Amino acid sequence: MLNIFCEQFDFAPLASAFEGEFESDCPLSAEIIITDENEIKRLNAETRGTDAVTDVLSFPSLDGIRGKKIERAAFPYDADGEGGLFIGSIAICEARARQQAEEYGHGYARELHYLATHGLWHLLGYDHMTEDDKAQMREREEAVLTKLNLTR
């Protein structure tokens with residue numbers, strides 16, 4: 001089970017689409033913040049040393065979980081207060097999401113779900129540093145988006 005907390009957008013369908021995509025002995029939770037260009041640029045500069053606007057940033061709280069069963073006992077300090085584990089935070093730039101939706105010829109909701117999906121896979125330990133890693137992550141993203149009928 002995955003719980004996604006976001007004040008600005010309902011990601012409940014996305015949380016459901018992640019069912020069966022990872023193994024855990026407890027519920028997982030993540031937060032998503034939709035922000036503006038100034039804030040995402042500030043976060044990007046502070047955390048990555050890149051003074052530029054970007055579309056999405058992920059801040060995972062658990063290490064070494066990629067492709068493994070996530071067990072609550074292994075992360076006692078990351079409990080979310082409700083019997084689950086907090087896996088991290090995601091910041092999405094609203095303006096960039098809208099621009100990219102227009103550029104790619106699909107709706108804002110599809111782009112927002114893609115960026116959230118991308119960020120959630122980062123929280124679950126996946127990245128795109130090598131071509132193999134990128135291919136695995138893209139496959140996982142497409143699997144989730146297909147469940148939501150948000151394919152390209």
Side-chain angles (χ1 to χ4, degrees), residues 1-44 46-48 53-98 100-101 104 106-129 133-152:
M1 176 180 199
L2 176 64
N3 297 305
I4 300 172
F5 302 101
C6 181
E7 290 184 9
Q8 304 96 328
F9 196 86
D10 179 15
F11 284 108
L14 179 60
S16 294
F18 265 84
E19 290 297 317
E21 297 293 328
F22 61 86
E23 283 189 82
S24 178
D25 67 355
C26 65
L28 304 181
S29 63
E31 75 172 335
I32 298 176
I33 297 167
I34 312 296
T35 190
D36 64 22
E37 291 170 302
N38 291 332
E39 181 64 8
I40 202 122
K41 182 178 180 181
R42 184 190 68 75
L43 288 169
N44 204 12
E46 279 184 15
T47 61
R48 298 180 63 232
V53 174
T54 190
D55 53 1
V56 61
L57 292 170
S58 300
F59 305 97
S61 62
L62 307 181
D63 289 325
I65 61 171
R66 177 182 177 157
K68 298 178 183 172
K69 182 176 181 178
I70 303 165
E71 297 180 343
R72 186 171 187 269
F75 303 98
Y77 301 108
D78 296 291
D80 66 6
E82 296 178 19
L85 288 174
F86 180 69
I87 61 172
S89 301
I90 299 165
I92 297 174
C93 179
E94 180 181 16
R96 285 296 296 269
R98 289 189 186 285
Q100 288 172 183
Y104 299 133
H106 53 244
Y108 172 67
R110 195 265 184 219
E111 186 66 16
L112 201 56
H113 278 86
Y114 168 74
L115 294 172
T117 299
H118 183 84
L120 287 164
W121 281 119
H122 277 305
L123 298 186
L124 290 166
Y126 291 83
D127 62 40
H128 40 84
M129 299 301 287
D133 288 344
K134 184 178 180 178
Q136 284 183 21
M137 193 162 175
R138 294 294 177 256
E139 183 179 317
R140 291 179 179 283
E141 291 166 350
E142 291 302 323
V144 169
L145 293 171
T146 297
K147 290 179 185 180
L148 294 168
N149 294 319
L150 293 173
T151 56
R152 294 178 202 228

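On a predicted model such as this, the values are computed, not experimentally measured, just so you know.
Side chains of R98 and E111 form no contact here, defined as non-hydrogen atoms less than 4.5 Å apart. Two residues are said to be in side-chain contact when any heavy atoms from C-beta on lie closer than 4.5 Å; F86 and L28 fail this criterion. For the pair I70/L62, a side-chain contact is recorded, criterion being any heavy-atom separation below 4.5 Å from C-beta on. A heavy-atom distance below 4.5 Å is not found between the side chains of D36 and E94. Counting only heavy atoms from C-beta outward, the side chains of I34 and L112 approach each other to under 4.5 Å. Using a 4.5 Å cut-off on side-chain heavy atoms (C-beta onward), D133 and R66 make contact. Side-chain contact between F11 and I32: present, with at least one pair of heavy atoms (C-beta onward) separated by less than 4.5 Å. V53 has its side chain within reach of R96: a pair of non-hydrogen atoms, C-beta onward, lies under 4.5 Å apart.
Each of D80, D78, N3 was compared with S29 under the side chain to side chain donor-acceptor pair (under 3.5 Å) criterion, and only D80 meets it. When the options N38, I33, L57 are evaluated for a side chain to side chain contact (heavy atoms under 4.5 Å, CB included) with L43, the one that passes is L57. Of the candidates L150, N149, L148, L148 is the only one forming a side chain to side chain contact (heavy atoms under 4.5 Å, CB included) with P13.
Taken to the nearest 0.5 Å, the CH2 atom of W121 stands 13.0 Å off from the CZ atom of R138. The structure places CD1 of I87 at 12.5 Å from NE2 of H122, a figure rounded to the nearest 0.5 Å. Separation of atoms CD (E39) and CG (N44) is listed at 11.0 Å; rounding is to 0.5 Å. The distance from the OG atom of S61 to the CG atom of L123 is 7.5 Å, given to the nearest 0.5 Å. For the atom pair CD (E139) and CD (E141), the distance works out to 11.0 Å, reported to the nearest 0.5 Å. With rounding to the nearest 0.5 angstrom, the CG atom of D10 is 9.5 Å from the CD1 atom of I4.
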Carefully, step by step, assess K69 and E71 under the rule side-chain contact (heavy atoms from CB on, under 4.5 Å). CA-CA 6 Å; K69 182 176 181 178; E71 297 180 343; 3.9 Å; yes

Test L115 against Q100 for side-chain contact (heavy atoms from CB on, under 4.5 Å), laying out the working first. CA-CA 10 Å; L115 294 172; Q100 288 172 183; 4.1 Å; yes

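Using cut-offs of 30° and 60° on the angle between ring planes, the pair F22 and F18 is tilted. Using the six-membered ring where Trp is involved, F9 and Y108 have ring planes that are perpendicular, over 60° apart on the 30 and 60° scheme.
Taking each heavy atom of A30 and L120 in turn, the nearest pair found is CB-CD2, 3.9 Å. For S58 against G119, the heavy-atom pair with the smallest separation is OG-CA, 3.2 Å. Shortest non-hydrogen contact noted between P27 and G83 is CD-O, 3.9 Å. A pairwise comparison of heavy atoms in E19 and L2 identifies OE2-N, 3.7 Å as the closest pair. The minimum heavy-atom distance between A116 and I92, with the atom names listed, is N-CD1, 3.8 Å. The shortest heavy-atom contact between M137 and H118 is CE-O, 3.3 Å.
Taking the six-membered ring for Trp and the full ring otherwise, Y114 and H106 have centroids separated by 6.0 Å or more.
Checked by atom type, the side-chain pair E31/S89 shows a donor-acceptor distance below 3.5 Å.
Heavy atoms from other residues, nucleotides or ligands lying under 6.0 Å from CD of E46 number more than 12.
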